[in-house]
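Some notes on the structure that comes next.
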Amino acid sequence: MSSISFHQARAEMTARLTMEQYRKIFLVVVLAVLAWSPLHMFGGDVDSSDTIPPPDVYRSLRFSRFFDPKSIVPHVNSTTLTIYLVGPGNNPARDSLFMSDTLQRYATGRLNYIIRPSAPLTHSCSDTSQPLTLYRNAPCLAVFNPKRLGRKMGPETVKCNYPLCKTMLTNDEYCSSSEGDVRGYFSNIVNIGKGYLPLGPRIDSWKSFQKIQESPLFFMTPASERKYAFNAIFSESTSSSRAELAKIIDERQDKSELSIFKSTAKEWNSRPNDPATDQLPTADYMEVLLDSVFTLAPAGHNPECFRMYEAVEAGSIPIILQSYINEIYSKTHCRGSLHDWSDAPMVMLGSWDELFPKVADLIADLEALDEMQIRLRLWYDEYMGSVVSKFEDFMIQSYEGESNNTLMD
């Protein structure tokens, strides 16, 4: 373990460079990043004079041009893509990517997205005089969680009600179903020939994050100025690796000089803001992520989890256990789940025993820490832009030649 503590390193950094000087340098870096916009990579009719918005727009470390979905102006000849979130009620795994505007933030401008939550579903096609889709000659996507469709309903019911649409299967954490033209949770086995969309931040966490950012004093803190070296916020019941990690932290936390935030729950609950649960409310959760250099992201039922996306959005660097993913998930249908994250500038450990010494070594070099934070956000914007662009390619090619939005008779 490094002999210098996290707080000592911060004090030395402050002595060398005042906060005002630091923020000026940081702003230059951010504006340079903003000048490099993924929009140029994936197309878009953008006036060069509008490449870098006025500096006062960016009070925080918002690297992406797509932070505000309204900043993406559809092409004049863009095609409407209607997305139906099929079934009643709220379903974070089904809805989050679409209702948080994450998809729209990384769109290319080729598609004009229309999101229809709680889209209706009938038991059989005979119960309705016509299909429920609005457009005949434009792409549409019916997104569904098979566990929430109701009794005697399944993927065939969705296809029956939305025959003109491609379908997207969500909530398949075990990669056990081959249904859906598009899937959440990537798999080298199941996803062959199919489209894919990532989880993105969970909708309730995203809403809390947005509320925090409404403050005019909000500023995305550089990694070197954050309070916690790392946070551990997860449910222990979803994998043996998580239970092992919680035990290791309990045993070593008091012996370490690292500043750590730990809030683990014995059981997972789908409603973290319910006072009856022992999970951290999403507002507190996002505040902690915004003040943590690193965020532990141990695999649950699937290596891909909302926490990874929420951490990056909050400027916190995920730490994952690569060896556990290779050993456990390479033998399942979820093989290759985090393949696209293999080159991400985050921390990948071979064992949770490496956690404390690895973090101590990393925070000893504050300049490198800030660079890692910036490189991760750059990587994330490029990755998300690339995934959404491929999804749009898939949808557009599926409906090639049908570009007129013709309302059904």
Side-chain angles (χ1 to χ4, degrees), residues 80-104 107 111 113-128 130-136 138-187 189-204 206 270-271 300-302 304-306 309 333-334 337 387-388 390-392 394-396 398-399 408:
T80 293
L81 171 60
T82 306
I83 297 178
Y84 300 92
L85 306 180
V86 178
N90 298 321
N91 183 345
R94 181 196 65 188
D95 301 347
S96 292
L97 183 72
F98 309 104
M99 301 305 291
S100 67
D101 289 328
T102 302
L103 179 65
Q104 295 88 327
L111 293 174
Y113 290 89
I114 296 177
I115 312 297
R116 299 193 178 277
S118 300
L121 190 68
T122 60
H123 279 82
S124 69
C125 291
S126 60
D127 292 337
T128 180
Q130 61 182 18
L132 298 173
T133 45
L134 295 179
Y135 298 103
R136 174 174 293 148
C140 57
L141 183 69
V143 184
F144 68 98
N145 171 5
K147 303 172 185 177
R148 297 278 188 93
L149 292 179
R151 293 185 60 187
K152 299 182 179 179
M153 289 188 178
E156 66 285 348
T157 315
V158 177
K159 294 176 183 177
C160 179
N161 280 263
Y162 296 87
L164 304 179
C165 297
K166 295 295 181 182
T167 60
M168 177 175 175
L169 177 73
T170 67
N171 297 76
D172 186 21
E173 294 175 289
Y174 297 102
C175 310
S176 58
S177 173
S178 60
E179 295 290 344
D181 304 296
V182 180
R183 292 179 52 85
Y185 292 116
F186 184 82
S187 163
I189 299 174
V190 184
N191 281 67
I192 296 176
K194 298 179 183 290
Y196 164 72
L197 282 174
L199 288 175
R202 183 173 153 127
I203 184 63
D204 42 14
W206 181 255
S270 61
R271 297 182 293 275
H301 295 150
N302 190 289
E304 183 182 6
C305 59
F306 289 112
Y309 299 91
H333 283 176
C334 292
S337 177
V387 171
V388 173
K390 290 176 182 178
F391 163 73
E392 292 186 349
F394 179 85
M395 294 302 299
I396 291 172
S398 298
Y399 290 84
M408 295 186 64

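Everything numeric here is computed off the predicted structure, so don't read it as measured data.
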Which distance, rounded to the nearest 0.5 Å, do you find between the [atom1] of [X] and the [atom2] of [Y]?
X	Y	atom1	atom2	result
S100	Y309	OG	OH	11.5 Å
L103	L111	CG	CG	9.0 Å
T102	Q104	OG1	CD	8.0 Å
T82	L164	OG1	CG	11.0 Å
L81	K166	CG	NZ	12.5 Å
M168	L141	CE	CG	7.0 Å

Next on the checklist: Between F144 and R94, is the side chain to side chain contact (heavy atoms under 4.5 Å, CB included) condition met? List the steps.
Outcome noted: CA-CA 7 Å; F144 68 98; R94 181 196 65 188; 5.6 Å; no

Side chains of [X] and [Y], heavy atoms from C-beta outward: is any pair under 4.5 Å?
X	Y	result
L85	F98	yes
T80	I114	yes
I396	P139	no
V182	T167	no

Checklist outcome for this item: Across all chains, not counting sequence neighbours, the salt bridge (charged side-chain N to carboxylate O under 4.0 Å, His left out) partners of E304 are none

Checklist entry - Excluding sequence neighbours, so at least two apart, what forms salt bridge (charged side-chain N to carboxylate O under 4.0 Å, His left out) with D181? => result none

Checklist entry - Would C165 and Y84 satisfy side chain to side chain contact (heavy atoms under 4.5 Å, CB included), going step by step from the backbone distance to the final call? => result CA-CA 9 Å; C165 297; Y84 300 92; 4.0 Å; yes

Next on the checklist: Working note: Y196 + V387, criterion side chain to side chain contact (heavy atoms under 4.5 Å, CB included); need CA distance, chi angles, decisive distance, verdict.
Outcome noted: CA-CA 8 Å; Y196 164 72; V387 171; 4.1 Å; yes

Next on the checklist: For T157 and N161: C-alpha separation, side-chain torsions, deciding distance, then whether side-chain hydrogen bond (donor to acceptor under 3.5 Å, both in side chains) applies.
Outcome noted: CA-CA 6 Å; T157 315; N161 280 263; 5.9 Å; no

Is the backbone N or O of [Y] less than 3.5 Å from a side-chain atom of [X], with the two atoms forming a donor-acceptor pair by type?
X	Y	answer
W206	P201	no
S96	R202	no
R183	S177	yes
K147	D172	no

Checklist entry - Should the pair F391 and Y113 be assigned to parallel (<30°), tilted (30 to 60°) or perpendicular (>60°) ring geometry? => result parallel

Checklist entry - Any Lys/Arg nitrogen of K159 or E179 sitting under 4.0 Å from an Asp/Glu carboxylate oxygen of the other? => result yes

Item to check | For N91, all residues meeting side-chain hydrogen bond (donor to acceptor under 3.5 Å, both in side chains), sequence neighbours excluded | outcome: none

So which atom in [X] and which in [Y] form the shortest heavy-atom distance, rounded to 0.1 Å?
X	Y	value
C140	M395	O-CE, 3.5 Å
C175	F186	SG-O, 4.3 Å
L169	P146	CD1-CD, 3.3 Å

Item to check | Check against side chain to side chain contact (heavy atoms under 4.5 Å, CB included), L199 and L97 | outcome: CA-CA 6 Å; L199 288 175; L97 183 72; over 6 Å; no

